[in-house]
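Encoded as structure tokens, the structure appears first; notes follow it.
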There are 2 protein chains.
Amino acid sequence: MTINSQDRLPSVDQKVNNIPLTANSMRVACSQCNLRELCLAVGLDDNDLHKLDDLVVKRKLKRGQQLYRAGDAFEAIYAIRTGFFKTDILTEEGLEQVTGFQMAGEILGMDGISNDRHVCNATALEDSEVCIMPYDELEELSRSIKSLQQQFHKFMSREIVRDQSLMILLGSMRAEERIAAFLLNLSQRMRLRGYSASEFHLRMTREEIGSYLGLKLETVSRAFSKFHDEGLIGVQQKYIRILNADGLKALLNHAPN
Amino acid sequence: MTINSQDRLPSVDQKVNNIPLTANSMRVACSQCNLRELCLAVGLDDNDLHKLDDLVVKRKLKRGQQLYRAGDAFEAIYAIRTGFFKTDILTEEGLEQVTGFQMAGEILGMDGISNDRHVCNATALEDSEVCIMPYDELEELSRSIKSLQQQFHKFMSREIVRDQSLMILLGSMRAEERIAAFLLNLSQRMRLRGYSASEFHLRMTREEIGSYLGLKLETVSRAFSKFHDEGLIGVQQKYIRILNADGLKALLNHAPN
DNA sequence: CAAAATCGTTGATGACGATCAATTCGCAAG
DNA sequence: CTTGCGAATTGATCGTCATCAACGATTTTG
């Protein structure tokens, strides 16, 4: 959680959005990205896709590196090409609160638009690659490309809806329901990306899951063990198998409160 | 909570965005609105302001009327001119979960952009007036007016940030901290609008506050009573006076967990 | 490979807030 | 004025999850 100067790339030579164009940050073509159906590029024709290409730059991050930090000047939003991230906020008392986990095709950084500064930290939980989209250029381009504008607005709105689902989870579900919902959500997002929905590696710790769900790590661990005993899931540390998805879903419905 | 057919305006004559242009829904000038510094119109010059005027229509709602419902087709976003609203979602089990309280100058409806349908209900908690901004026209106009585009993006981003603050509240604060934070937030927003920050009427019930904060109504009531006994606030039903704002703030800081 | 550190599991106990219940208050309608 | 109803308050009890603590497993580091 301490700030490591290595997390930041040195400032040299040619730069795009303050990131040097070196081996780990280079031009990339949206037109050839296999995520373009998940990403901002949805629905763009070839011509427009090339315009988007012109403003996108790639950057690689090692596990543990931060993409941006709370307080950083807001310059760009980021589309995840590969890898896995968490976003978190340090509360007044210095406690970390995780606000989300993001995977390929999802957009990071939109929280920064409101005040020209990021309000949360974004950290790679595994080696990852993002597309940097300088915000002022994106704004300009989206004034001339209607479907880009629409897509961008949909992404922002989706973030709002996502946050509200989490509010409901935090405000009305009990511990085991939250965990079940969390696992099902992850599973669903894996499926959407063509990965197995029934087995995957968690990239985050129990503590991070707990922080995200408003629970303590012990509670998360206990719920995993209980689900395991009931044959709902298989658990081996971070390797999870969903054995009975319907059983998990059943936990969500008849909430006692 | 039941759906009352009176809530919907009848369909007659000339209509804008499916709302008839009658006494309670008429044209209005952003250029002369005293909220324009809070609203989407921030930073527009006179010329652009008039273009915005052309697409905005006003609508009045009585207390208890719904502006839109979950599942409704998304057609417009709404700026509150006067009054007070709540947004809520009905969970699977039929429980109401309040997702926000909105007052003059705030924007409603942005959740609908992502799927072309609203995901929550918006209900007037007192007689209110909103500006209807048809979304496709707003999108088009914001392609030609840069500062409108920027302002709109900031509003969406602000909504994301707001939701995340609430996630932190729900995920990490105890009951009394939540209530204190809630009162201070309301107070702050009243001040911003030129009202007294130290005394105001709550427009929502204890149950709605509880739903918003992830608490039961009894817990809300008890916290109010306790704060009252400690001289932090004055409480007479829905009439609240903030007697010791610093005392309330102090509750937020040294959180035991 | 050993040592250290991080992460995860499990048990025992207790606190916070939910739940159940009774009463009071305020307001609208008859 | 009375009646009725929703909203709010207050008390008593209970359940869920946090906390404290010990141990085990896994990964990292020198």
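Each chain gets a letter, A, B and so on, in the order its sequence line appears, and its residues count up from 1. Everything numeric here is computed off the predicted structure, so don't read it as measured data.
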*Would one find a side-chain N or O of A:Ser221 under 4.0 angstrom from OP1 or OP2 of C:dG8?*
no

*Of A:Gln237 and B:Val220, the one whose closest DNA chain D nucleotide lies more 5'*: B:Val220

*Round to the nearest Å and state the distance from A:Lys226 atom NZ to C:dG8 atom C1'.*
19 Å

*Would the B:Tyr195 and B:Phe200 ring centres measure less than 6.0 Å apart?*
no

_Just the rounded figure in Å: distance from P of C:dT24 to CD of B:Glu218._
18 Å

*Calculate the interatomic distance between A:Tyr239 atom OH and C:dT9 atom P; express it in whole Å.*
16 Å

*Indicate the ring-plane relationship of B:Tyr78 and B:His118, choosing parallel, tilted or perpendicular according to the 30° and 60° boundaries.*
tilted

*asked:* If you go through the side-chain atoms of A:Arg222, does one of them form a donor-acceptor pair with the base of D:dT19 closer than 3.5 Å?
replied: yes

_Please confirm whether the shortest side-chain N or O distance from A:Arg174 to OP1 or OP2 of C:dG17 is below 4.0 Å._
no

*Would you please confirm or rule out a distance under 4.0 Å between OP1 or OP2 of D:dA7 and any side-chain N or O of B:Lys238?*
no

*Select base, sugar-phosphate, or nothing to describe what A:Gly214 touches, counting heavy atoms under 4.0 Å on all strands.*
sugar-phosphate

*Tell me: CG of B:Leu217 to P of C:dT19, nearest whole Å?*
10 Å

*Figure out the CG/C1' separation between A:Leu215 and D:dT19, and round it to whole Å.*
14 Å

*Once you round it to whole Å, what is the distance between C1' of D:dA7 and CZ of B:Arg203?*
16 Å

*Does a side chain donor of either A:Thr87 or A:Thr99 reach within less than 3.5 Å of an acceptor in the other side chain?*
yes

_Tell me whether the side-chain N/O atoms of B:Thr219 come closer than 4.0 Å to OP1 or OP2 in C:dA18._
yes

*asked:* Counting only side-chain nitrogens and oxygens, does A:Arg206 get under 4.0 Å of the OP1 or OP2 atom of C:dG8?
replied: yes

*Between C1' of D:dT9 and CD1 of B:Ile209, the distance in whole Å*: 14 Å

*Looking just at side-chain N and O atoms, do B:Thr123 and B:Gln65 make a donor-acceptor pair shorter than 3.5 Å?*
no

*Look at atom OH of B:Tyr239 and say whether more than 12 heavy atoms of other residues, nucleotides or ligands are closer to it than 6.0 Å.*
yes

_Among D:dT10, D:dT28, D:dT19, the nucleotide that comes nearest once only the side chain of B:Ser225 is considered_ = D:dT10

*Could you state the CD-P distance from B:Glu176 to C:dA18, rounded to the nearest angstrom?*
12 Å

